[in-house]
Amino acid sequence: MSEAAAPARALASVLDDDERDRTARFRSPVDADRHRVAHVLLRLALGRHVGEPPERLVFLRRACAGCGGPHGKPYLRGHDVHFSLSHSGDRALVAVAPVPVGVDVEAVPADAAVRDVASVLHPRERAELDALPAAARPAALARCWSRKEAALKATGTGLALGAAEPYVGTAARPAPVPGIRLVDLPPFEGHAAALALLTRPGTA
């Protein structure tokens, strides 16, 4: 992390006040650096994509799908571009697309966490996990959760309405999801990652 964090701190001037405030709330310097790196990367990627200096980009948020508050899916003022950011530990992913997109990276959880997290999944996903050998469940859960979060980010729903839907499966390949193209990304060591693109207009 130190190799990425040092230049990210030097580039932190591209962040806005809200991003700096959120970074400052982390108690751990390591977590603060990870958050800073991810948001600097997002600004650099978007700035290059839309042809604007990254520090001039203005992020706004849509209404929350759960409560209607001003903390829903972020969007870029003045540009018809869709994006998604995810980071887990020292891994970060940025996706930029012409259609609503979601990306997610998840660390493979500890064995003890599997049952607690699995309890909020779709009943078929819980059954699939239960049918696996115990040693295979953490990786399967990470696959499932990264797919789930990517899909929910693409639709703009997030976890406001729970994590049972959509059914994305725990197997080696994602289950088909109506209106969404969902793919697993090449795995990082100890992590799972997924990308979702909306294929049905008007669902986000």
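Across all non-hydrogen atoms, the minimal contact from Y167 to K148 is CA-NZ, 4.4 Å. In terms of heavy atoms, G102 sits closest to A154 at N-CB, 3.7 Å. Closest of all the heavy-atom pairs between L152 and T155 is O-OG1, 3.1 Å. In plain terms, the two heavy atoms of A140 and L129 that are nearest each other are CB-CD2, 3.7 Å. Between L132 and A136, the shortest heavy-atom distance links the atoms CD1-O, 4.2 Å. Pairing each heavy atom of I180 with each of A196, the nearest pair is CG2-CB, 3.8 Å.
Atoms CD and OG, from E106 and S86 in turn, are 6.0 Å apart once rounded to the nearest 0.5 Å. The CZ atom of R34 sits 7.0 Å away from the OG atom of S28 when rounded to the nearest 0.5 Å. Taking OG of S84 as the start and CG of L195 as the end, the distance is 8.0 Å to the nearest 0.5 Å.
Both F59 and V50 are assigned to one and the same hydrophobic cluster, defined by single-linkage of ILVMFWY side chains at heavy-atom distances under 4.5 Å. When hydrophobic clusters are built by joining Ile, Leu, Val, Met, Phe, Trp and Tyr residues whose side-chain heavy atoms come closer than 4.5 Å, directly or via intermediates, L93 is not grouped with L46. V81 is connected to L85 through a chain of hydrophobic side-chain contacts under 4.5 Å among Ile, Leu, Val, Met, Phe, Trp and Tyr, so both are in one cluster. The hydrophobic clustering, which links ILVMFWY residues whose side-chain heavy atoms are closer than 4.5 Å, places L76 and L42 together. Note on V58 and L15: separate hydrophobic clusters, where clusters join Ile, Leu, Val, Met, Phe, Trp and Tyr whose side-chain heavy atoms are under 4.5 Å apart, directly or indirectly.
Counting only distance, with no hydrogens or angles, the side chain of K73 and the backbone of R61 share no donor-acceptor pair below 3.5 Å. Formation of a donor-acceptor pair under 3.5 Å by the K153 side chain with backbone atoms of P100 is not found in this model. Between the side chain of H49 and the main chain of G47, no donor-acceptor pair closer than 3.5 Å is present. Remark: the backbone N or O of T170 is paired with a side-chain donor or acceptor of E128 at under 3.5 angstrom. Between the side chain of E125 and the main chain of A118, no donor-acceptor pair closer than 3.5 Å is present. A donor-acceptor pair under 3.5 Å is absent between the side-chain atoms of R36 and the main chain of R20, judged by distance alone. In this structure, R147 contributes its side chain and G169 its backbone to a donor-acceptor pair below 3.5 Å.
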Carefully, step by step, assess W145 and V120 under the rule side chain to side chain contact (heavy atoms under 4.5 Å, CB included). CA-CA 10 Å; W145 195 264; V120 304; 3.7 Å; yes

Pair D80-H82, side chain to side chain contact (heavy atoms under 4.5 Å, CB included): steps then yes or no: CA-CA 7 Å; D80 186 19; H82 300 270; 4.1 Å; yes

Assess whether side chain to side chain contact (heavy atoms under 4.5 Å, CB included) is satisfied between D184 and R173, documenting all intermediate values. CA-CA 7 Å; D184 290 338; R173 293 187 178 182; 5.7 Å; no

Stepwise side chain to side chain contact (heavy atoms under 4.5 Å, CB included) check, L141 with L121: CA-CA 10 Å; L141 176 60; L121 298 178; 3.7 Å; yes

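For the side-chain contact (heavy atoms from CB on, under 4.5 Å) criterion with D16, the lone passing option out of R43, H39, R56 is R43.
In this structure, D130 places its CG atom where more than 12 heavy-atom neighbours from other residues, nucleotides or ligands lie under 6.0 Å away. Within 6.0 Å of atom CZ in R126, more than 12 heavy atoms from other residues, nucleotides or ligands are found, so the atom counts as buried in its surroundings.
Within the 4.5 Å cutoff, side-chain heavy atoms of P138 are placed close to those of V114.
Salt-bridge annotation for D111 and R137: absent, with no side-chain N of the basic residue lying under 4.0 Å from a carboxylate O of the acidic one. The pair R22-D18 counts as a salt bridge, with a side-chain nitrogen and a carboxylate oxygen less than 4.0 angstrom apart.
The aromatic rings of F26 and H35 sit tilted, their planes meeting at an angle between 30° and 60°.
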